[in-house]
Q: 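I'd like to ask some things about the structure below.
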Amino acid sequence: MSRADREPYSPSHLEAKWQTRWEEEGTNAFTREELRDASRPYYNLMMFPYPSAEGLHVGNIYAFTGADVHGRYQRLRGQEVFEPIGFDAFGIHSENFALKVGIHPMDLIPRNVANFTRQLRRVGGMFDWDHTVDTTQPDYYRWTQWLFVQLFRGGLAERKEAPVNWCPSCMTVLANEQVVAGVCERCDTPVEQRRIAQWFFKISDYAERLLQNLEHIDWSETTKKAQRNWIGRSEGAVLRFPVAGPRADRDDAAIEVFTTRPDTVFGATYMVLAPEHPLVDEVVTDHQRAEVESYRERAKRTDLVARKKAETEKTGVFTGGHCRNPATGDLIPIWIADYVLMEYGTGAIMAVPGHDERDFEFARRFDLPVVRVVRAPEEEEGAPLQEAYTGKGALVNSGEFDGLAVEEGKARITDWLGERGLAEAKVTYRLHDWCISRQRYWGPPIPIVHCPDCGPVAVPEEDLPVILPRVEDFKPDAGGVSPLARVEEWYQTTCPECGADARRETDVSDTFLDSAWYFLRYPSTDRDDVPYDPEITRKWLPVDCYIGGNEHAVLHLLYARFLTAALKDLGHLDFEEPFTKFRAHGLIIREGAKMSKSKGNVIIPDSIIEEFGADTFRTYLMFLGPFEEGGDYRDEGIHGPFGFLKRLWETVVPTDQLRKGPPEPEIEQKLHQTIAQVTEQLGDLQYNTSIAAMMEYLNAVRSGGRVAARSEVEPLAVMVAPFAPHLAEELWQRLGHEGSVFDGERWPVYDPAKAREETVTIAVQVNGKVRSTVEAPAGTGEDEVLAMARADQNVSRYLDGQDLRRVIFVPDRLLNLVIG
RNA sequence: GCCGGGGUGGCGAAACCGGUAAACGCAGGGGACUUAAAAUCCCCCGGGCUCACGCCCUUGCGGGUUCGAUUCCCGCCCCCGGCACCA
């Protein structure tokens with residue numbers, strides 16, 4: 001057959017064919033029976049997208065492709081792989097976008113979902129379209145609400161006051177990200193804080209468990225580290241400082257502080273309370289009252305973001321009150337300052353300016369005394385402090401504890417104060433409870449009814465879902481309340497317990513709640529009577545492998561872990577960690593720069609798939625760089641993978657021209673080496689080097705224009721299948737096989753004996769510099785290699801007239817001759 | 001500031017446990033085939049010196065350990081991502 005007659009590689013034709021076939025034959029879909037009966041279940045999960053109006057982003061495709069490659073590989077190894085996808089469509093972004101374009105989110109979201117679905121199918125993911133979720137559908141959020149009810153009943157949901165960012169001009173609550181440099185991103189009005197009653201999940205009760213479990217789950221190390229930091233365990237002590245004055249003999253009139261440095265208590269020269277601290281009213285003197293009140297007003301007007309900036313200069317005022325340092329017995333002044341946060345610890349600190357940078361700065365500013373209580377090894381005991389000393393050393397000015405090392409001092413002083421009821425060792429966590437209330441429209445209503453007599457009552461499960469009503473005007477307005485609070489006919493109801501007139505909760509829940517459990521729903525989407533089928537859940541969960549971005553390292557992943565543990569404790573699950581393995585993928589940039597709509601450098605997937613095909617696009621994305629690190633998308637680079645797939649096609653088709661019989665020995669060795677490498681690396685998500693290995697192999701097969709043997713290319717067709725599934729299917733079929741290449745344990749096995757190199761090249765160094773190389777059979781001994789090296793002219797040149805002092809020999813690799 | 005991840009040819013990148021730095025690919029150059037082009041195949045492609053055999057330099061910078069360092073240790077610089085006074 002002449003070249004001209006050859007059938008060209010035509011990805012668009014071939015990809016459409018296989019996508020249709022997968023659809024028709026249910027190649028990637030599971031029936032309920034199949035889910036029940038699976039004998040080798042493998043749950044392959046990826047983070048579901050938020051369906052924006054712009055369509056699928058390359059970042060999404062990159063992540064999904066990496067996960068899909070993993071799923072397809074597992075499937076070729078004989079696992080039954082369940083790979084679902086869905087849509088996380090509630091939340092502030094959809095709401096704002098809908099407001100901007102003037103289309104109701106209930107109309108907008110289905111359009112976006114339809115567009116995403118179309119694009120996702122084109123990319124060739126192994127998705128089970130019979131098991132998909134959309135968090136905005138009542139049949140999904142019914143169970144999100146059910147979950148809230150379970151936690152509420154289990155005592156893990158509570159209502160308490162918390163500060164929110166408040167824009168006095170827009171009259172609405174803002175998310176932290178809507179506050180830019182202390183002002184509202186929309187109208188530039190300075191943002192204030194307000195306290196309102198909100199629902200919280202008590203994730204902090206689980207802090208220790210969430211931390212401990214990190215030890216035995218197989219997650220990316222960076223993600224685990226981020227979670228550890230976020231949980232922020234700190235060991236220390238709570239110390240009590242009795243308030244001086246008329247209230248001094250009252251038991252409750254002591255200020256509790258949490259400190260990680262109880263060893264420095266002798267150096268605590270003043271006390272600082274958060275402006276909101278309840279004891280402020282008790283300790284303030286009449287003389288200072290006006291000043292304190294005005295400071296508290298000011299603090300209230302500062303938004304939460306600005307208040308947490310470290311760079312701002314420290315401010316504070318004296319309350320006029322004093323308390324007693326429990327160690328020295330001295331009276332010390334009580335101040336308030338906004339750098340002390342009510343949300344952390346006890347909302348009060350003992351200030352040790354000598355050994356804490358913030359306290360030092362504050363003391364300098366307000367001329368408060370600084371006392372040294374720790375001496376660094378090389379310092380004089382009485383040396384004045386030019387800055388806070390936070391390092392190790394020995395205690396000084398600390399009475400009977402002088403001379404103790406910092407670490408020992410912590411325990412001893414805590415015990416000593418403890419004997420008098422003034423201290424106890426304590427562990428605190430930075431992690432705080434999860435606020436799930438949102439004063440917004442686009443979310444699932446929180447399923448609570450507020451009854452004047454019974455208080456907050458959960459909506460009975462049989463009355464779920466509480467449907468989010470279609471409200472045309474959902475814009476936040478002057479009332480400063482949730483949009484649903486303006487819909488009287490919706491919120492007026494009766495108490496499920498006593499029947500009295502009652503009012504529905506008008507806040508909706510946080511989107512993170514929607515996504516904290518979606519993986520439980522996927523296998524059971526056809527059950528409308530339970531959130532998840534117990535039998536199927538036992539079989540398929542926890543998730544075997546979860547792949548997603550590290551931007552969700554803390555919030556989403558921590559919430560999902562918390563919820564799973566809580567459901568276990570409440571008797572709804574029999575495992576407590578949802579994701580056995582988690583891998584974070586890297587970020588993809590383009591031509592060295594971050595992609596953004598404003599820069600106009602985003603990649604439009606549709607046009608690339610049009611031109612090169614989904615297989616090439618997938619392969620190129622995975623070839624860019626290490627999957628867990630990301631890569632730089634350069635437009636020209638796609639020709640590499642395209643050429644590779646095209647050459648693979650041309651090598652195999654037409655199949656009747658392939659040679660018969662076993663591979664040629666040299667090719668066979670390379671083949672087994674390639675299978676070994678690809679098998680090992682695919683398991684570790686090292687996709688770029690796997691692809692390189694296959695390219696190298698194909699180059700060897702085609703080298704010098706040789707005609708391939710069928711036995712040389714058939715294993716390669718299977719190995720590229722995870723990356724280029726359409727092409728692989730077509731080649732597999734043309735090679736004479738029935739059905740899908742993915743329907744069986746088709747992954748090639750390699751024979752280490754065949755992969756072994758018989759001849760090796762050994763580097764010969766003289767004093768660590770490579771001077772020559774010698775070829776020898778693998779396993780050749782030192783003496784023999786040394787003899788060969790000596791015979792080498794360029795080596796002997798250096799050896800002449802020199803003492804051979806040492807010989808280092810690494811079998812099959814290197815010989816280093818040390819002379820001199 | 002703190003916490004992560006990085007810095008290797010013109011470019012994206014590779015390198016097992018410390019053992020020939022630059023695999024694979026892009027871009028570039030040369031050649032074969034062709035009337036020609038495309039496709040395909042072959043060769044070259046970090047810098048410098050040399051007719052050449054070869055030699056010297058080179059993995060952000062400066063030290064160190066080692067027979068030998070992209071890899072380990074110490075100190076710095078720069079880039080990317082995240083967090084923000086956490087007591």
Q: Tell me which one of Met695(A), Met719(A), Gln669(A) satisfies side chain to side chain contact (heavy atoms under 4.5 Å, CB included) with Thr674(A).
A: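 It is Met719(A), the one option of Met695(A), Met719(A), Gln669(A) that forms the side chain to side chain contact (heavy atoms under 4.5 Å, CB included) with Thr674(A).
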
Q: Could you measure between the two P atoms, the one in A37(B) and the one in A32(B), and give it in whole Å?
A: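 A37(B) and A32(B) have their P atoms separated by 11 Å.
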
Q: Base, sugar-phosphate, or nothing: which does Asp632(A) touch, judged by heavy atoms less than 4.0 Å apart?
A: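 Sugar-phosphate, backbone atoms only, no base.
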
Q: Which part of the nucleic acid does Ile808(A) contact within heavy-atom distance under 4.0 Å: base, sugar-phosphate only, or nothing?
A: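 Base, at least one base heavy atom under 4.0 Å.
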
Q: Drop me the distance from Arg647(A)'s CZ to Tyr9(A)'s OH, to the nearest 0.5 angstrom.
A: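 Here the interatomic distance stands at 12.5 Å.
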
Q: If you only use heavy atoms from C-beta on, which nucleotide in A27(B), C24(B), C86(B) is closest to the side chain of His639(A)?
A: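 The answer is A27(B), which lies nearest to the side chain.
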
Q: Check for me whether Arg358(A) meets the cation-pi criterion with Tyr339(A), that is, NZ or CZ under 6.0 Å from the six-membered ring centre and within 45 degrees of the ring axis.
A: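 Checked: cation-pi criterion not met.
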
Q: Just call it for Thr346(A): base, sugar-phosphate, or nothing, with non-hydrogen atoms closer than 4.0 Å on any strand.
A: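 Result for Thr346(A) = nothing.
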
Q: Just to confirm, is there a sub-4.0 Å distance from OP1 or OP2 of C67(B) to any side-chain nitrogen or oxygen of Arg806(A)?
A: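 For C67(B), OP1 or OP2 has a side-chain N or O of Arg806(A) closer than 4.0 Å.
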
Q: Please classify the nucleic acid contact of Gln765(A) as base, sugar-phosphate, or nothing, using heavy-atom distances under 4.0 Å.
A: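 Here Gln765(A) touches the bases of the nucleic acid.
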
Q: I need the single residue from Val373(A), Val406(A), Val371(A) that forms a side chain to side chain contact (heavy atoms under 4.5 Å, CB included) with His355(A). Which is it?
A: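 Option passing the side chain to side chain contact (heavy atoms under 4.5 Å, CB included) with His355(A): Val373(A).
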
Q: What nucleic acid atoms does Thr773(A) come within less than 4.0 Å of, heavy atoms only: base, sugar-phosphate, or nothing?
A: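 Base contact - Thr773(A) has a heavy atom under 4.0 Å of at least one base atom.
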
Q: Using a 4.0 Å heavy-atom cut-off, does Tyr798(A) contact any base of the nucleic acid, only the sugar-phosphate backbone, or nothing at all?
A: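 Touches sugar-phosphate only.
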
Q: Could you tell me how far G9(B) sits from A27(B) if I compare only their C1' atoms? Round to whole Å.
A: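 Between the two C1' atoms, the distance is 12 Å.
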
Q: Would you mind classifying the nucleic acid contact of Asn699(A) as base, sugar-phosphate or nothing, using non-hydrogen atoms under 4.0 angstrom?
A: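 Sugar-phosphate, backbone atoms only, no base.
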
Q: For RNA chain B, whose closest nucleotide is more 5', that of Gly347(A) or that of Ile762(A)?
A: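 Going by which nucleotide is closer to the 5' end, it is Ile762(A).
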
Q: For atom C1', what is the distance between U35(B) and G48(B), given to the nearest Å?
A: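 Pairwise C1' distance, U35(B) against G48(B), rounds to 45 Å.
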
Q: If you measure from the C1' atom in C33(B) to the same atom in C79(B), how many Å do you get, rounded?
A: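 Each nucleotide's C1' atom is 48 Å from the other's.
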
Q: Scan Arg647(A) against the nucleic acid and name what it touches under 4.0 Å (heavy atoms): base, sugar-phosphate only, or nothing.
A: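 Result for Arg647(A) = sugar-phosphate.
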
Q: Can you tell me whether the base of C17(B) sits syn or anti, using the 90° cut around 0 to define syn?
A: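 In terms of base orientation relative to the sugar, C17(B) is syn.
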
Q: Roughly how many Å apart are A14(B) and A87(B), using the C1' atom of each and rounding to a whole number?
A: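 Comparing C1' positions in A87(B) and A14(B) gives a spacing of 47 Å.
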
Q: Taking any heavy-atom pair under 4.0 Å as a contact, classify Val810(A): base, sugar-phosphate, or nothing.
A: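 Contact class for Val810(A): base.
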
Q: Less than 4.0 angstrom between a side-chain N/O of Arg702(A) and OP1 or OP2 of C41(B), yes or no?
A: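 The answer is yes; a side-chain N or O of Arg702(A) sits under 4.0 Å from OP1 or OP2.
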
Q: Are the aromatic rings of Trp434(A) and Phe200(A) close, with centres under 6.0 Å apart?
A: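 Between Trp434(A) and Phe200(A), the centre distance exceeds or equals 6.0 Å.
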
Q: More 5' along RNA chain B: Glu629(A) or Leu814(A), using each one's nearest nucleotide?
A: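 The 5'-side residue here is Glu629(A).
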
Q: Would you indicate which nucleotide in C83(B), A87(B), G4(B) comes nearest to any side-chain atom of Trp230(A)?
A: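 Taking heavy atoms from C-beta onward, the closest nucleotide is C83(B).
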
Q: Please check the phosphate of C86(B) (OP1 and OP2 only) for any side-chain N or O of Asn229(A) closer than 4.0 Å.
A: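 Answer no for this pair, as no side-chain N or O of Asn229(A) is under 4.0 Å from OP1 or OP2.
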
Q: Find the partner of C72(B): check Watson-Crick (N1-N3 plus N6-O4 or O6-N4) and G-U wobble (N1-O2, O6-N3) distances, both under 3.5 Å, and reply none if neither fits.
A: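 By the stated definition (distances under 3.5 Å), G64(B) pairs with C72(B).
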
Q: For Ile608(A) versus Phe617(A), what's the shortest heavy-atom pair and its separation?
A: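 Closest approach of Ile608(A) to Phe617(A): CG2-CD1, 3.7 Å.
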
Q: Which nucleotide wins on minimum distance to the side chain of Tyr344(A), given the candidates A27(B), C86(B), U20(B)?
A: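 The listed nucleotide nearest to Tyr344(A)'s side chain is C86(B).
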
Q: Within 45° of the six-membered ring axis of Trp230(A) and under 6.0 Å from that ring's centre, is NZ or CZ of Arg430(A) located there?
A: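 Judged by the rule (NZ or CZ under 6.0 Å from the ring centre, within 45° of its axis), Arg430(A) counts as positioned above Trp230(A).
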
Q: Provide, to the nearest angstrom, the distance between the CZ atom belonging to Arg634(A) and the P atom belonging to A27(B).
A: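 Rounding to the nearest Å, CZ of Arg634(A) and P of A27(B) are 9 Å apart.
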
Q: Could you tell me how far U8(B) sits from U59(B) if I compare only their P atoms? Round to whole Å.
A: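 To the nearest whole Å, 11 Å.
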
Q: Just N and O in the side chain of Lys225(A): are any of them under 4.0 Å from OP1 or OP2 of G4(B)?
A: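 For Lys225(A), the contact criterion (side-chain N or O under 4.0 Å from OP1 or OP2 of G4(B)) is met.
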
Q: Looking only at side-chain N and O atoms, does Arg797(A) come under 4.0 Å of OP1 or OP2 in C53(B)?
A: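 So the side chain of Arg797(A) is outside the cut-off, no N or O lying under 4.0 Å from OP1 or OP2 of C53(B).
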
Q: Just to be sure I understand the rule, does Gly704(A) reach a base, reach only the sugar-phosphate, or reach nothing, if contact means heavy atoms closer than 4.0 Å?
A: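 If one applies the 4.0 Å heavy-atom cut-off, Gly704(A) turns out to touch the sugar-phosphate alone, with no base involved.
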
Q: Which value, in whole Å, describes the distance between the C1' atoms of nucleotides C80(B) and G63(B)?
A: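 Their C1' atoms lie roughly 27 Å apart.
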
Q: Considering Watson-Crick and G-U wobble pairs with both distances under 3.5 Å, what does U34(B) pair with?
A: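 Partner of U34(B): none.
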
Q: Measure across Pro353(A) and Ala388(A) and return the closest heavy-atom pair with its distance rounded to 0.1 Å.
A: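 Taking every non-hydrogen atom into account, O-CB, 3.9 Å.
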
Q: Can you tell me the distance, in whole Å, between the CG atom of Leu341(A) and the C1' atom of C86(B)?
A: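 That distance rounds to 7 Å.
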
Q: When you measure from the side-chain N and O atoms of Lys769(A) to the phosphate of C57(B), is any distance below 4.0 Å, counting only OP1 and OP2?
A: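 For C57(B), OP1 or OP2 has a side-chain N or O of Lys769(A) closer than 4.0 Å.
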
Q: Return the pairing partner of G1(B) with a 3.5 Å limit on both distances, Watson-Crick or G-U wobble; otherwise return none.
A: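 Partner of G1(B): C83(B).
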
Q: When rounded to the nearest Å, what value does the distance between P atoms of G1(B) and C56(B) take?
A: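 Rounded to whole Å, the distance is 43 Å.
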
Q: For the side chain of Phe623(A), starting at C-beta, report the closest nucleotide among G81(B), U20(B), G12(B).
A: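 Among the listed nucleotides, the one closest to the side chain of Phe623(A) is G12(B).
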
Q: Looking only at side-chain N and O atoms, does Arg813(A) come under 4.0 Å of OP1 or OP2 in U20(B)?
A: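 Checking U20(B) against Arg813(A), a side-chain N or O does come within under 4.0 Å of OP1 or OP2.
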
Q: Starting at atom CZ of Phe809(A), determine the distance to atom P of U20(B), rounded to an integer number of angstrom.
A: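 Whole-Å distance recorded here is 14 Å.
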
Q: Select one nucleotide: of C24(B), G81(B), C86(B), the one nearest the side-chain heavy atoms of Leu587(A).
A: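 Given the options C24(B), G81(B), C86(B), the side chain of Leu587(A) is closest to G81(B).
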
Q: By the 4.0 Å heavy-atom rule, please label Arg228(A) as base, sugar-phosphate, or nothing.
A: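 No contact at all - Arg228(A) keeps every heavy atom at 4.0 Å or more from the nucleic acid.
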
Q: To the nearest Å, give me how far apart NZ (Lys314(A)) and P (A87(B)) are.
A: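 Spelled out: NZ on Lys314(A) to P on A87(B) is 14 Å.
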
Q: Checking all strands, does Arg771(A) fall into the base, sugar-phosphate, or nothing category for heavy-atom contacts under 4.0 angstrom?
A: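 Sugar-phosphate: the residue Arg771(A), judged by heavy atoms under 4.0 Å, touches backbone atoms but no base.
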
Q: For a quick check of understanding: with a heavy-atom distance under 4.0 Å over all strands, which category does Lys646(A) fall into, base, sugar-phosphate or nothing?
A: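 Answer is sugar-phosphate: Lys646(A) comes under 4.0 Å of backbone atoms only.
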
Q: Taking O4'-C1'-N9-C4 for purines and O4'-C1'-N1-C2 for pyrimidines, is G31(B) syn (within 90° of 0) or anti?
A: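 Anti, since the glycosidic angle lies more than 90° from 0.
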
Q: Around atom CZ of Arg365(A), are there more than 12 heavy atoms from other residues, nucleotides or ligands closer than 6.0 Å?
A: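 Counting other residues, nucleotides and ligands, CZ of Arg365(A) exceeds 12 neighbours.
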
Q: Indicate, with a heavy-atom threshold strictly under 4.0 Å, whether Asn688(A) touches base, sugar-phosphate, or nothing.
A: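 Sugar-phosphate: the residue Asn688(A), judged by heavy atoms under 4.0 Å, touches backbone atoms but no base.
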
